[in-house]
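Taking it in order: structure first as structure tokens, then the write-up.
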Amino acid sequence: FIYFLCLFFGYRKKEFFHQAILFIVFFAVAILIFKLFGGSNFLDPYTKSVGRYTNISLNAFNIWWLVLSEKAWNLHDTTGPYKVIGLLLFAIFEIPVLIYVIKQKINPPKIMLLAAYSYLVFFIFPTQIHERYLFPAIALLAIPAIAGGIIFYLYLVLTITFFYNCFAVLESVYPQFSFVSGNLLTG
């Protein structure tokens, strides 16, 4: 989405429309391949996953874990204004990205940086989030991190915290390494 915004507001409308048409063709081919060879609907993970996770947070140590601690795992999203607050915070933190895309000339590393930021904001604020939603942020931030500077250190912190999130979740489900997690998780 951010890439298409960059094309559109970067005064490359011809490229925008060419790539949008190419995207639609590839998307239609993917739907057709899944239907013909797999007998399944390509869109099911996107259209039928809404409401699948009813709790505030599912294995994601985001802002809701900071505010509610382990209660975030057991509270249903219908208990209180959490979903609305999370979506409002998400929208507020996305506004600077949209303004930046509209006003600045953007190169590919900046596109990746902005997309990584958007995924990170998506992971942190909304409810019903799973830890796997942080994978794209880490992948997209890798290229801007190569350039060095503060982004490299932010990338290191993000990957360490993501590792800790995945490790803690897997350790709670498969307690094979209690000698490590007992020291790591309890301090």
Side-chain angles (χ1 to χ4, degrees), residues 1-13 15-17 19-20 22-24 26-27 43 45-68 72-73 75-147 149-162 164-166:
F1 178 71
I2 289 179
Y3 176 71
F4 281 115
L5 282 178
C6 291
L7 282 177
F8 188 77
F9 288 111
Y11 305 106
R12 295 188 235 158
K13 305 244 186 315
E15 284 182 49
F16 171 80
F17 288 113
Q19 292 194 23
L22 189 62
F23 171 77
I24 291 168
F26 281 139
F27 198 70
L43 297 174
Y46 306 103
T47 59
K48 293 185 177 178
S49 66
V50 174
R52 177 179 279 173
Y53 306 118
T54 58
N55 295 356
I56 296 283
S57 178
L58 186 63
N59 303 337
F61 296 150
N62 57 11
I63 194 168
W64 300 107
W65 273 84
L66 287 174
V67 173
L68 301 169
W73 208 333
L75 283 176
H76 287 284
D77 208 12
T78 56
T79 320
Y82 304 117
K83 187 174 205 161
V84 173
I85 292 170
L87 290 175
L88 282 173
L89 288 170
F90 174 65
I92 288 168
F93 278 85
E94 276 299 303
I95 289 171
V97 170
L98 297 174
I99 291 170
Y100 188 83
V101 166
I102 291 169
K103 293 191 175 209
Q104 298 291 323
K105 186 128 178 123
I106 300 191
N107 57 21
K110 283 185 183 176
I111 291 173
M112 293 183 155
L113 183 62
L114 293 171
Y117 171 82
S118 294
Y119 273 107
L120 191 57
V121 168
F122 175 74
F123 176 81
I124 291 173
F125 294 115
T127 58
Q128 299 181 351
I129 296 296
H130 193 276
E131 84 271 0
R132 71 172 172 260
Y133 295 136
L134 199 52
F135 277 112
I138 290 175
L140 289 167
L141 196 57
I143 292 189
I146 291 171
I150 194 165
I151 301 296
F152 177 75
Y153 296 108
L154 291 173
Y155 182 75
L156 284 178
V157 169
L158 184 61
T159 54
I160 290 167
T161 56
F162 181 57
Y164 178 75
N165 190 153
C166 289

Subject >> Set of ring-ring contact (aromatic ring centres under 6.0 Å, His included) partners for Phe122, sequence neighbours left out >> reply: Phe90, Tyr133
Subject >> Distance, nearest 0.5 Å, that separates CD1 of Ile143 from CE of Met112 >> reply: 4.0 Å
Subject >> Leu120 vs Leu158 side-chain heavy atoms within contact, under 4.5 Å >> reply: yes
**OP:** May I ask you to test the Tyr82-Leu68 pair for a side-chain heavy-atom distance under 4.5 Å?
**Re:** yes
Original post:
More than 12 foreign heavy atoms under 6.0 Å from CG of Leu22: is that the case here?
Top reply: yes
**OP:** Enter the distance from Leu88:CG to Ile85:CD1 here, rounded to the nearest 0.5 Å.
**Re:** 8.0 Å
**OP:** Apply the test ring pair (Phe, Tyr, Trp, His ring centres under 6.0 Å) to residues Phe162 and Phe135: give CA-CA distance (whole Å), side-chain angles for both, the deciding distance (0.1 Å), then the verdict.
**Re:** CA-CA 9 Å; Phe162 181 57; Phe135 277 112; 4.7 Å; yes
**OP:** Give the ring-plane orientation class for Trp65 versus Phe61, where under 30° counts as parallel, over 60° as perpendicular and anything between as tilted.
**Re:** perpendicular
Subject >> Pro126 to Val121 - nearest heavy-atom pair and separation >> reply: CD-O, 3.6 Å
Original post:
Centres of the Phe93 and Tyr117 rings: under 6.0 Å?
Top reply: no
**OP:** State, to 0.1 Å, how close Pro144 and Leu140 come at their nearest heavy-atom pair, and which atoms those are.
**Re:** CD-O, 3.2 Å
Original post:
Val97 and Ser118: which non-hydrogen atoms are nearest, and at how many Å?
Top reply: CG1-OG, 4.1 Å
Original post:
Do you know which two heavy atoms are closest between Ile124 and Ile63, and how far apart they sit?
Top reply: O-CG2, 3.0 Å
Subject >> Identified side-chain contact (heavy atoms from CB on, under 4.5 Å) partner of Tyr155 from the options Ile160, Ile146, Ile138 >> reply: Ile138
Original post:
Can you tell me how far the OG1 atom of Thr159 sits from the CG atom of Leu154, to the nearest 0.5 Å?
Top reply: 10.5 Å
**OP:** Drop me the distance from Leu113's CG to Tyr100's OH, to the nearest 0.5 angstrom.
**Re:** 8.0 Å
Original post:
CG of Leu89: more than 12 outside heavy atoms within 6.0 angstrom?
Top reply: yes
